[in-house]
Amino acid sequence: MAMSLEAFLEEWNNPSETLLVYTSGSTGTPKPMMVEKHRMLASARRTNDFLGLQPGDTALLCMSLDFIAGKMMVVRALERQLRLVTVAPSGHPLAALNDQTSLDFAAMVPLQVYNSLQVSIERERLMQIRHLIIGGGAIDDALASELKNFPNAVWSTYGMTETLSHIALRRLSGPEASIWYTPFPSVRVSLSEEDTLIIDAPEVCPNPLVTNDIAERSPDYSKFRIIGRKDNIICSGGLKIQAEELERQLRPHMRVPYIITKRPDEKFGEIVVLLTEGSTDEAREVCERILPRFHQPRAYLHVSSIPLTATGKPARHEAALLADNNN
């Protein structure tokens, strides 16, 4: 059963210096972690300061309190004495609000933002949010384009459970829109020998964190962008193929949900597999037209629904199991 706000506040206010959180489970089973409350407060303070939030401002809680994103919205409200408006987690978080509810701050996953844009009244409410941060998944070019002309500040966040929410943001709206994430001033980033991002954020994470995210740094080394996860590299016939990059290339051309995954293969080591909720023939036609020859899937599989985690991210581990079990 999902955690209630009352249950979280009871846990937050108990004498323990730590509380239990779970990772999102995008690459496997969610893992439990004990995190220090004072570090969560530091993370909340940093975000509140960056966005210029003031006591009495209104924040929206529309994500599950089972995961760090929802917990941190409550902690931000506590740290800055924000007025917290709560709605049940859903794909349409703004549907239940009335037009008199003015929001200074909200955090959503990309699917919630996408769904809200499809309904005129929800779109209008979304545009009125003074600061909207979006995390928990990649923001494709089409969604970024829709948000570019929003009158208020829209941000994409980068972070994870281990960093107690985001450690960097990039602007999606207005003239400051960028492909590059800018870390908070107290955060230092570098690259490992495998080009994965290393995060040094002592306020929220006691030791430098070597991530599985393959990254590129800006020419002045002050910013970074994410290419994909090391886990999602498909080694096929001597080629290293990034699943997220293929998905990005296909996104403007696919009309139904899909995901790129892999399965073992005797000849190639691994092969690219595309799961789709639509026609495999249509998917094949798009891939053959858009993707380089040796990056095209060697197998196509129709599924009733693309597997997602509880936080709305692609469930990569489940997708790979589906591909392997339907060999």
Side-chain angles (χ1 to χ4, degrees), residues 2-14 19 21 35-90 92-109 112-113 116-117 121-136 147 150-159 163-174 176 182 184-187 203-204:
M3 173 174 273
S4 67
L5 178 58
E6 292 75 15
F8 174 73
L9 289 174
E10 182 178 346
E11 186 176 4
W12 179 259
N13 290 318
N14 71 28
L19 57 76
V21 300
V35 300
E36 296 165 290
K37 293 175 183 177
H38 77 91
R39 294 188 186 278
M40 295 177 73
L41 275 172
S43 172
R45 186 177 304 112
R46 191 171 55 188
T47 296
N48 289 337
D49 288 347
F50 179 84
L51 298 179
L53 298 173
Q54 299 296 324
D57 283 349
T58 302
L60 177 67
L61 172 63
C62 61
M63 292 189 287
S64 171
L65 285 165
D66 292 331
F67 299 98
I68 193 66
K71 294 180 193 293
M72 285 306 305
M73 280 302 293
V74 180
V75 178
R76 292 175 193 128
L78 293 170
E79 191 279 333
R80 197 51 51 100
Q81 301 172 47
L82 307 177
R83 186 169 71 89
L84 193 64
V85 175
T86 63
V87 298
S90 76
H92 289 270
L94 301 177
L97 299 183
N98 61 54
D99 292 335
Q100 282 68 52
T101 303
S102 175
L103 296 174
D104 296 292
F105 179 38
M108 298 183 188
V109 298
Q112 290 175 315
V113 176
S116 298
L117 288 169
I121 185 64
E122 294 176 32
R123 181 189 182 93
E124 185 63 28
R125 291 169 182 164
L126 194 71
M127 294 179 72
Q128 293 172 3
I129 298 171
R130 187 156 64 90
H131 284 287
L132 172 64
I133 63 174
I134 308 171
L147 299 169
F150 265 42
N152 291 318
V154 184
W155 309 87
S156 171
T157 67
Y158 175 81
T163 60
L164 307 180
S165 190
H166 51 268
I167 52 89
L169 297 97
R170 68 181 179 97
R171 185 73 176 250
L172 296 175
S173 62
E176 299 172 31
T182 300
F184 286 124
S186 60
V187 175
E203 285 184 320
V204 296

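Side chains included, hydrogens not; waters and symmetry mates left out as well; all remaining heavy atoms used.
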Under the salt bridge (Lys or Arg N to Asp or Glu O under 4.0 Å) definition, can you give me all pairs with a residue in residues 44-53, not counting sequence neighbours?
Arg45-Glu79, Arg46-Glu203, Asp49-Arg80

Return the minimal non-hydrogen interatomic distance between [X] and [Y], and the atom names on each side.
X      : Y      : value
Ala44  : Met72  : N-CE, 3.7 Å
Leu169 : Thr157 : CD2-CG2, 4.1 Å
Gln112 : Cys62  : NE2-O, 3.1 Å

What I'd like to find out is whether the side chain of [X] reaches to under 4.5 Å of the side chain of [Y], using heavy atoms alone.
X      : Y      : result
Leu126 : Phe150 : yes
Met108 : Leu60  : yes
Val154 : Val113 : no
Thr163 : Tyr158 : no
Val75  : Leu164 : no
Met3   : Lys71  : yes

To the nearest 0.5 Å, what is the distance between [atom1] ([X]) and [atom2] ([Y])?
X      : Y      : atom1 : atom2 : result
His131 : Asn152 : NE2   : CG    : 8.0 Å
Thr47  : Trp155 : OG1   : CH2   : 11.0 Å
Glu10  : Ser4   : CD    : OG    : 8.5 Å
Ile121 : His92  : CD1   : NE2   : 13.5 Å
Thr182 : Phe50  : OG1   : CZ    : 7.5 Å
Arg125 : Ser102 : CZ    : OG    : 12.5 Å

Any sub-3.5 Å donor-acceptor pair from [X]'s side-chain atoms to [Y]'s backbone N or O?
X     : Y      : result
Ser43 : Val204 : no
Asp57 : Leu82  : no
Asn48 : Arg76  : yes
Lys37 : Trp12  : yes

Passes side-chain contact (heavy atoms from CB on, under 4.5 Å), Asp104 versus Gln54? Steps please.
CA-CA 10 Å; Asp104 296 292; Gln54 299 296 324; over 6 Å; no

Report the residues that fulfil salt bridge (Lys or Arg N to Asp or Glu O under 4.0 Å) with Glu124, sequence neighbours left out, ordered by chain and then residue number.
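Salt bridge (Lys or Arg N to Asp or Glu O under 4.0 Å) list for Glu124, sorted by chain: empty.
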
side-chain contact (heavy atoms from CB on, under 4.5 Å) with Leu84: which of Leu61, Thr58, Leu78?
Leu61

